[in-house]
Structure formats: structure tokens, C-alpha cells
Amino acid sequence: MNREWTRDLGLLALRLCGLGLALHGWPKLIALSTEGAGAGIVAGVGRLGFPAPLLFAWAAAISELAGGLLAAVGLYARVAAAFAAITMAVAAFLRHRLAHHVLVWLGLMDTAPETVKGWGDPELAAVYCAVFLAIALMGSGRFSVDRFLRRSPARRA
């Protein structure tokens, strides 16, 4: 196997993580579209300091669902992955306080265990952020709808 082939297989493996992100966003989208069910999500976004929490809650849910699916199949993968990476960066650093977790872990910040537990676990959001940042920077690779559309005979005419 040559280097380009293995790179494209690696990008495909990364892109398939989009299915996991889409499954993470689906319940949020359902909750937001059900009267009263999405109030907790909207309140959580509001606590992060966003000026229009309902709008940003919808944007996050759509970014997770649509961004995950589009990245997984490789359609507009760079743009979809960029939106997903930004959403996951907000989740990791603002919602789950990844930087504070690191400072506590390094012993540079003294915080009560209950407080740390209340921040939640930033690991999954951080991993998704890294995965989608890599896709946004590298593209979708050979095994993608984007590549198929670029090579389509109708597009060459």
C-alpha cells in the first residue's frame, strides 16, 4: 500500500467518527423540537454566556447531526468538519472546562472534587474536536462524495 492510499483510509476512519457525533446530536435536535423538552439544553447554552441561547442550542444540535453525517460521507467535509470542530471546542472548553481539568490534574489548581465532577467529562468532546479539526484541515480524502463529485464526467464538461 502506498502512502496516499493509507492516508485516505485514515481519513475515512476519522470521518466515520461523524456517525458517533450525529448520534450525539440527534437526541438534542428531537428535544429542541419537542415543546418543553429542550429547555435544559437552552438553559445550559445560556449559562455559557451565549446571547441567544435558543439559536445557539439549535446551531449546536444541527452542527452535531448534519456536520457529523456530512463529514462521515465526505460531502462538503471540510466545512461540515469545521462547524463540528467549533461546536466540540465550545463543549470541551466552555461546557466541560477542559483547561481547568488539566490544571487540576497537573496540581496547579485546587478545586473541590464535587466541583470538578460538576464540570462533566471533557474527553469525548476534546477527541471529537481533534478528529474534526484534522478533517477540516486535511479534507475528506479519496473515499468520499466530495472526491466522486470532483471526478464526475458532468463536472469536467
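If you're wondering where the values come from, they're calculated on a predicted model, not measured in any experiment. The chain is numbered in sequence order, starting from 1.
Evaluation of the side chain to side chain contact (heavy atoms under 4.5 Å, CB included) rule for Ala60 yields Thr87 as partners, not counting sequence neighbours. In this structure, the side chain to side chain contact (heavy atoms under 4.5 Å, CB included) partners of Ala37, at least two apart in sequence or on a different chain, are Ala31, Thr34. Applying the side chain to side chain contact (heavy atoms under 4.5 Å, CB included) rule to Ser33 yields the partners Trp58; only residues at least two apart in sequence or on another chain are considered. Contacts of Ala134 classified as side chain to side chain contact (heavy atoms under 4.5 Å, CB included), with partners at least two apart in sequence or in another chain: Leu14. For Arg142, the side-chain hydrogen bond (donor to acceptor under 3.5 Å, both in side chains) partners at least two apart in sequence or on another chain are Glu4, Asp8.
In plain terms, the two heavy atoms of Ser144 and Gly141 that are nearest each other are OG-O, 2.9 Å. Of all heavy-atom pairs between Pro122 and Ala92, the closest is CB-O, 4.0 Å. In this structure, Phe143 and Leu12 approach most closely via the heavy-atom pair O-CD1, 4.1 Å. Residues Val131 and Cys17 come closest through the heavy atom pair CG1-CB, 4.0 Å. Between Ala61 and Leu32, the closest heavy-atom pair is CB-CD1, 3.9 Å. Heavy-atom minimum distance, Val45 versus Pro53: CG1-O, 3.7 Å.
The hydrophobic cluster containing Phe50 does not contain Leu55, counting ILVMFWY residues as joined when their side-chain heavy atoms lie under 4.5 angstrom apart, directly or transitively. Hydrophobic clustering (side-chain heavy atoms under 4.5 Å, transitive across Ile, Leu, Val, Met, Phe, Trp, Tyr) groups Ile62 together with Ile30. Two different hydrophobic clusters hold Phe56 and Val42 under the rule that ILVMFWY side chains link at heavy-atom gaps under 4.5 Å. Under a hydrophobic clustering in which Ile, Leu, Val, Met, Phe, Trp and Tyr are joined whenever their side-chain heavy atoms come within less than 4.5 Å, directly or via other members, Val127 and Ile135 fall into the same cluster. Note: the hydrophobic cluster containing Leu11 does not contain Val145 (ILVMFWY, side chain heavy atoms under 4.5 Å, direct or indirect links).
With rounding to the nearest 0.5 angstrom, the CG atom of Leu29 is 9.0 Å from the CD1 atom of Ile41. How far CG of Leu124 is from NE2 of His96: 8.5 Å, rounded to the nearest 0.5 Å. With values rounded to the nearest 0.5 angstrom, Leu19 atom CG is found 7.0 Å from Leu69 atom CG.
Contact of the Val90 side chain with the Arg95 side chain is not registered, since no non-hydrogen atoms from C-beta on lie closer than 4.5 Å.
Alongside Ile86, the hydrophobic cluster contains no other residue (criterion: ILVMFWY side chains under 4.5 Å). Using a 4.5 Å cut-off between side-chain heavy atoms of Ile, Leu, Val, Met, Phe, Trp and Tyr, Trp119 falls into a hydrophobic cluster with Phe93, Leu98, Val102, Leu103, Val104, Trp105, Leu106, Leu108, Met109, Val116.
Sequence neighbours left out, the pairs with a member in residues 28-55 that pass salt bridge (charged side-chain N to carboxylate O under 4.0 Å, His left out) are Lys28-Glu64. Legend: salt bridge (charged side-chain N to carboxylate O under 4.0 Å, His left out) pairs involving residues 13-26, not counting sequence neighbours: none detected.
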Output side-chain donor-acceptor pairs under 3.5 Å for residues 72-84, partner residues at least two apart or in another chain, one line each.
{"residue": "Arg78", "atom": "NH1", "partner": "Ala136", "partner atom": "O", "Å": "3.1"}
{"residue": "Arg78", "atom": "NH1", "partner": "Leu137", "partner atom": "O", "Å": "2.9"}
{"residue": "Arg78", "atom": "NH2", "partner": "Met138", "partner atom": "O", "Å": "3.4"}

